[in-house]
Amino acid sequence: MEIPSKYDPATTEDKWYAYWMEHKLFKSVPDNRIPFTIVIPPPNVTGVLHMGHMLNNTIQDLLVRRARMQGFNALWVPGTDHASIATEAKVVQKLRKEGIKKSDLSRDEFLKHAWEWTHKHGGIILEQLKKLGASCDWDRTRFTMDEKYYESVIDSFIDLHKKGKIYRGERMINWDPAALTALSDEEVIYKEVSSKLYYVKYKIVGSDDFVTIATTRPETILGDTAICVNPKDERYKHLHGKRAIVPLVNREVPIIADEYVEIEFGTGCLKVTPAHDMNDFLLGEKHQLEVINMMNDNGTISEAGKLYIGMDRFDCRKQITEDLDAAGHLAKTEELPNKVGYSERSDAVVEPRLSLQWWVSMKELSKPALDNVMNDNIRFFPPKFKNSYRNWMENVKDWCISRQLWWGHRIPAWYDGEGDFVVAKTEAEAIAAFSAKNKNYTAADIKQDPDVLDTWFSSWLWPISVFDGFYTKEEVDYYYPTNDLVTAPEIMFFWVARMIIAGYEYRNELPFRNVYYTGIVRDKQGRKMSKSLGNSPDPIELMAKFGADGVRVGMLLSSPAGNDLPFDESLCEQGRNFANKIWNAFRLVKGWEEKIDPALSQSPASKIAVEWMQSKFNSVLKQLNDDYEKFRISEALMNTYKLVWDDFCAWYLEMVKPPFGSAMDKETYHASVAIFENLLKVLHPFMPFLTEEIWSYLGEREPGKGSICVASWPEVSSINEELIADFTTFSEVIIGIRNVRKENNIPNKESVVLHINNSGKNSPNFDPAVQHLGNVSSINYVTDKVSGSFMFIVNQSEYFIPFTENVDVEGEKKKINEEIDYTRGFLKSVESKLNNEKFVNNAPAAVLEGERKKQNDALSKIKMLEEKLTSLN
RNA sequence: GGGAGCUUAGCUCAGCUGGUUCAGAGCAUCUGCCUUACAAGCAGAGGGUCACAGGUUCGAACCCUGUAGCUCCCACCA
């Protein structure tokens with residue numbers, strides 16, 4: 001079998017993904033194994049893959065692949081989200097380009113367009129995930145508007161309504177005047193803008209005096225129903241109980257006092273517009289103020305405003321300012337840096353508005369969700385996010401779930417013409433429900449609520465409804481609770497918290513055991529990668545350039561949980577280089593197969609190398625398992641990287657590599673293959689394609705079942721710590737020899753003799769390896785100095801390499817003197833500690849012992865060096 | 001305004017119970033090498049006032065207090 005000298009990701013990756021699909025290696029059905037489940041955070045159905053998805057899904061794939069190898073019944077459920085408002089906005093935009101206005105379409109016509117759009121763009125992102133190597137069970141792909149899923153959303157609405165946890169109420173909400181829909185608090189983005197603060201004079205009734213208020217929104221004076229001052233404010237005490245006249249509209253309003261008003265801000269005097277400001281609304285309730293809704297849902301002035309009717313709110317602001325000025329009511333204007341809420345989807349300035357909406361009552365529902373995160377039944381990685389979670393959950397507000405949109409799950413409520421309504425699953429049931437109230441209606445008498453539910457009201461059921469958990473028990477009982485959730489901290493409240501709530505409400509159990517929060521992928525300048533900035537590389541192109549494995553490794557190299565990832569292509573380059581390194585190591589090992597001489601027995605150097613490498617592997621494997629347990633993914637990768645590159649390639653392979661043209665013994669060959677296979681296994685979650693390719697070359701594999709995807713994760717076996725320590729000494733000796741060679745221009749090709757004064761620690765077991773790697777012709781153990789030679793010290797043993805020719809003795813002396821000086825300084829600091837009575841009395845025995853050892857070691861080292869110095873003369 | 005977190009090498013980060021391998025890793029940089037697996041490589045080297053200032057302790061990157069800077073979350077002050 002011809003092995004290519006270069007690894008070609010493009011063809012390899014497509015080949016193996018097709019193979020995995022063909023053999024259904026990611027398929028999962030309940031069986032008697034322990035399940036390991038991850039549900040994908042469903043991307044927007046019409047979205048395309050961005051770098052955030054890449055990071056997020058690489059981590060999920062890594063976790064699920066490792067679990068699969070560990071013998072769990074591993075399942076990763078893929079799917080997409082209908083993303084109500086986001087998708088509807090895209091469809092509206094697309095129709096507008098075609099000259100079609102949403103308002104000209106019926107609901108059904110619009111939904112037809114929306115479904116067309118969904119079918120056209122839906123699932124592109126899932127195809128892209130396959131390029132990444134995502135090991136999802138694609139047969140289980142779910143969409144939040146699938147029939148059964150849709151039904152579960154409706155049923156949970158009905159259920160919560162029955163339990164009194166969903167209610168309909170008129171409240172202040174964030175209104176998007178462009179999309180004409182209510183928004184949840186989370187869908188409002190506050191931006192810093194420079195606005196103007198207008199000082200407006202109101203005449204006081206029964207006096208010639210004026211009171212001046214400060215406002216950023218002068219147009220809302222049309223809805224003013226009070227003036228408010230702080231009761232403690234001495235300047236305005238005389239105004240309590242008086243009345244003022246709203247300019248232009250000439251309405252008389254009371255002057256009230258409330259602590260809410262800040263004395264320091266503006267004039268310390270506030271105009272109150274209960275219909276158009278959250279706080280004013282609360283003030284209005286408290287003081288029983290009249291509520292004047294002076295704005296239409298599209299942001300124009302309503303009839304109730306009396307003036308400027310039909311004018312847009314921002315035009316009105318301009319006009320009213322001029323008119324106030326003309327009438328002598330505008331005292332002054334100031335610049336004011338201010339925060340203004342914008343709709344996340346339409347970017348329109350959000351209008352606080354009084355509106356009749358559906359709500360979920362959150363306080364009680366949230367309790368188990370809060371407790372079970374705080375007590376670590378559900379673990380957050382990193383745990384710092386528990387703080388913001390608690391903060392939010394303890395102050396949780398009712399959730400506005402109705403949206404004035406068409407794309408989504410339609411609210412199962414029916415209204416008659418008299419302001420009465422029932423909640424029911426179907427029209428027939430609604431009619432029946434009305435009959436129970438002695439209202440004998442036909443379908444013509446009632447109308448279903450036109451609104452749909454907030455998109456998160458469907459995705460909060462995701463871990464349950466992907467298994468049709470509301471209707472069949474078998475699957476959900478097996479796979480639920482899921483194991484790990486990997487998501488962005490931005491949607492902790494939108495989604496994570498609510499899934500936990502739904503989990504306890506409907507399963508009386510947590511939805512997942514661990515939540516891993518990824519960071520944000522940023523560019524080199526620290527900006528978030530986004531389509532609009534155009535600073536995001538195309539993941540598909542990246543994978544074409546560096547290979548999917550290279551990109552996966554690049555993404556994970558520097559992304560501890562919760563940390564932002566400053567992405568740079570050079571990371572992927574490092575990933576690609578790593579893949580190349582592994583490929584070349586493979587070529588070397590595989591090449592030995594035909595060099596095997598059955599008669600050749602294993603050399604002692606190879607024997608010790610194999611033993612050491614096995615121990616080293618196990619010791620790192622133990623560390624890896626611990627890293628995974630703690631979700632220290634980057635650490636796990638780096639430990640794997642060093643194990644493969646440094647321990648295996650740089651040391652092991654060099655130790656067992658036969659000289660050019662020489663034969664290979666079969667023991668070493670087979671041991672090397674076995675070690676390589678174990679390395680491939682721990683590499684596989686990071687680099688699925690490359691490892692499968694090499695795996696297929698390294699042994700006879702049964703089709704399908706022989707895939708590395710289902711190979712078993714190695715068990716930690718015996719670790720010979722002493723051997724590992726001896727190896728460290730060995731490697732330092734080799735480095736010592738290399739240094740002597742380098743500093744004295746002794747070429748590697750020229751063999752040297754090594755004398756060892758073994759007064760300290762040195763393992764003769766490694767001597768053959770020293771000879772092999774250091775090109776040492778012979779090793780002699782001595783009991784004294786060897787004059788006329790270079791010396792270095794490792795672990796208290798002296799190593800001598802006799803001078804060859806033309807050696808710089810003075811230079812050598814100088815180096816030794818420098819080392820003596822350094823060691824004396826070190827000794828001094830150790831002794832100052834040991835001479836400190838308090839230290840000797842207080843420090844634990846082990847520490848004290850350590851310091852004494854340091855002292856002795858330093859003393860003997862100085863002695864050795866001094867002797868060496870005299871021997872040079 | 002309320003809350004949380006961060007500051008360690010040029011960059012990205014480890015450093016777990018205050019002491020042992022406490023100043024580390026990878027990348028980048030520099031110096032040699034195209035040495036029969038690999039120049040996408042090999043062999044070496046340099047690089048730090050652990051943000052700053054105090055304190056506790058025999059001993060502090062680590063604990064305490066203060067200062068400065070950065071980040072995030074919540075609230076939304078007209």
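Keep in mind that this is a model prediction, so the values were computed, not measured. Chain letters run A, B, ... following the sequence lines, proteins first and then strands; every chain starts at 1.
The phosphate of B/G2 (OP1 or OP2) has no side-chain N or O of A/R390 nearer than 4.0 angstrom. Between A/N279 and B/C76, a side-chain N or O to OP1/OP2 separation shorter than 4.0 Å is absent. In terms of phosphate contacts, A/K397 brings a side-chain nitrogen or oxygen within less than 4.0 Å of OP1 or OP2 of B/C76. Contact annotation: A/R738 side-chain N/O to B/G44 OP1/OP2 distance is under 4.0 Å. Here A/N338 does not reach the OP1 or OP2 of B/C77: none of its side-chain N or O atoms lies under 4.0 Å away.
Relative to the side chain of A/K581, the nucleotides B/G26, B/C38, B/C73 differ in distance, and B/C38 lies closest. The A/M638 side chain lies nearest to B/G26 when the options are B/C38, B/G5, B/G26. Of all nucleotides listed (B/A78, B/A37, B/C76), B/A37 comes nearest to the side chain of A/K657.
No side-chain donor-acceptor contact under 3.5 Å links A/N174 to the backbone of A/P352.
What separates CZ of A/F385 from P of B/C72 is a distance of 12 Å, to the nearest Å. Taking atom CZ of A/R741 as the reference point, atom C1' of B/U35 lies 12 Å away to the nearest angstrom. Taking atom CE of residue A/M374 and atom C1' of nucleotide B/A4, one finds them 12 Å apart after rounding to whole Å.
Looking at A/D626 and A/K622, no side-chain N of the basic residue comes within less than 4.0 Å of a carboxylate O on the acidic one, giving no salt bridge. Using a 4.0 Å cut-off between charged nitrogen and carboxylate oxygen, A/K196 and A/E335 count as a salt-bridge pair. Looking at A/K590 and A/E693, no side-chain N of the basic residue comes within less than 4.0 Å of a carboxylate O on the acidic one, giving no salt bridge.
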Are there any protein N/O atoms within less than 3.5 Å of an N/O atom in nucleotides 27-33 of chain B, and if so, which ones and at what distance?
{"from": "B/C27", "atom 1": "OP1", "to": "A/Y641", "atom 2": "OH", "distance (Å)": "3.4"}

